[in-house]
Amino acid sequence: MTKTAVFGTGSWGTTFAMILAEAGNETVLWGRRPELVETINATGENPDYLPGIRLPGRLLATASAEEALAGADFVVLAVPSQTLRGSLAGWREHIPGDAVLVSLMKGVELGTTKRMSEVIREVAGVPEERVAVVSGPNLAKEIAQRQPAATVVACTDEAVAKRLQEACHLPPWFRPYTNLDVVGVELGGAVKNVIALAVGVAVGMGMGDNVAAMMITRGLAEISRLGAALGADPHTFSGLAGMGDLVATCTSPLSRNRTFGENLGRGMTLEEVVAATRQTAEGVKSCESVLELARKHDVEMPITEVVVGVVHDGMSPREAGMLLMSRSPKPERYGV
């Protein structure tokens with residue numbers, strides 16, 4: 001039997017652990033708070049992030065990283081992206097020598113501009129064929145309610161990608177597809193959060209569907225340009241990990257980044273929105289590292305620039321909108 005360890009008791013980490021357990025894997029869910037771990041084991045529910053959702057009886061939770069990692073074939077990482085480096089350094093010595101490390105995280109590290117798979121490889125000292133990425137239009141609450149969804153499992157080693165695909169395939173409601181383009185899948189997942197912030201701000205300001213459609217489409221162009229500069233497969237961005245994830249995150253009220261942006265657009269301060277947000281909106285921090293990464297590769301990303309301006313530099317949403325709409329128009333070449 002395949003053993004899987006999932007690190008992170010947030011909504012997506014818990015949901016993915018539920019998928020793995022129901023798919024027949026021996027699954028352990030690690031959490032940093034012993035009291036939440038005890039509640040999950042005692043009640044079969046994660047009341048903080050998935051209240052009312054019954055978890056599989058075979059899913060066990062623990063606050064011991066050593067216990068979770070013992071004999072694990074897949075180590076799934078679902079912690080906030082900016083905490084990954086420090087957390088993984090503390091778990092590294094207990095990771096089995098042949099385990100595959102799987103990233104559910106959608107961010108770019110501040111300071112280094114490294115993608116999550118790059119951080120994993122660096123900190124854990126593992127080759128790229130032992131690192132996989134899961135990304136797609138995966139709103140955790142819908143999946144936890146067993147609504148149909150699909151995702152992308154990416155690894156440079158096709159055999160590893162297929163093993164992970166088999167481990168998390170749960171007919172008829174969760175279907176994973178494989179992809180060898182780790183770079184494209186990660187960029188799609190990280191940058192869509194930034195675009196969702198922009199869409200949310202526009203919606204919060206009372207803008208209509210034309211503006212949202214414009215932001216989504218031009219946002220996809222930004223993702224594609226950055227992907228091209230980093231060697232991603234352009235086809236990735238027209239699939240689940242690109243357009244699919246972008247649409248879901250930009251349009252759903254379940255999206256943390258979209259909701260965060262809406263609150264900013266309604267006039268709340270950054271501090272007020274942060275205080276009212278229970279879970280991490282990855283785009284809030286990653287927008288800075290995404291913009292830095294783009295500048296390193298001389299890639300133009302105007303939506304990302306104004307998101308950084310609004311979130312971190314005190315720019316008003318109205319000023320950001322004016323800046324975007326007053327830019328000199330360029331020829332529309334192949335949608336980018």
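Just so it is clear, the structure is predicted and the values come from calculations on it, not from any experiment.
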Considering all heavy atoms, the nearest [X]-[Y] contact:
X    : Y    : result
P176 : Q165 : O-NE2, 3.0 Å
T112 : R85  : CG2-NH2, 4.2 Å
Y177 : A150 : CE1-CB, 4.0 Å

> Should L59 and E22 be marked as a side chain to side chain contact (heavy atoms under 4.5 Å, CB included) after you check the CA-CA gap, both sets of side-chain angles, and the distance that decides it?
Replying inline: CA-CA 9 Å; L59 175 61; E22 291 199 8; over 6 Å; no
> Passes side chain to side chain contact (heavy atoms under 4.5 Å, CB included), T27 versus R58? Steps please.
Replying inline: CA-CA 7 Å; T27 305; R58 65 189 303 162; over 6 Å; no
> How far apart are the C-alpha atoms of N46 and I53, what are their side-chain angles, what is the distance that settles it, and do they pass the side chain to side chain contact (heavy atoms under 4.5 Å, CB included) test?
Replying inline: CA-CA 8 Å; N46 184 336; I53 302 294; over 6 Å; no
Do [X] side-chain atoms and [Y] backbone N/O form a donor-acceptor pair below 3.5 Å?
X    : Y    : result
N25  : L20  : yes
E186 : M116 : yes
D73  : K3   : yes
Q82  : K285 : no
W30  : V6   : no
E109 : K114 : no

> After noting the C-alpha distance and the side-chain angles of R318 and S316, does the key distance pass the side chain to side chain donor-acceptor pair (under 3.5 Å) rule?
Replying inline: CA-CA 5 Å; R318 191 161 299 280; S316 72; over 6 Å; no
> Which is it for E262 and R258 under the side chain to side chain contact (heavy atoms under 4.5 Å, CB included) test, yes or no, and what are the steps along the way?
Replying inline: CA-CA 6 Å; E262 280 189 63; R258 148 101 182 218; 2.9 Å; yes
>> I'd like to know whether E282 forms a side chain to side chain donor-acceptor pair (under 3.5 Å) with S81, so could you lay out the CA-CA distance, the side-chain angles of the two residues, the decisive distance to 0.1 Å, and finally the verdict.
In response: CA-CA 7 Å; E282 290 283 9; S81 60; 2.7 Å; yes
>> Can you tell me which residue among K296, E292, E288 is in a side chain to side chain donor-acceptor pair (under 3.5 Å) with T113?
In response: K296
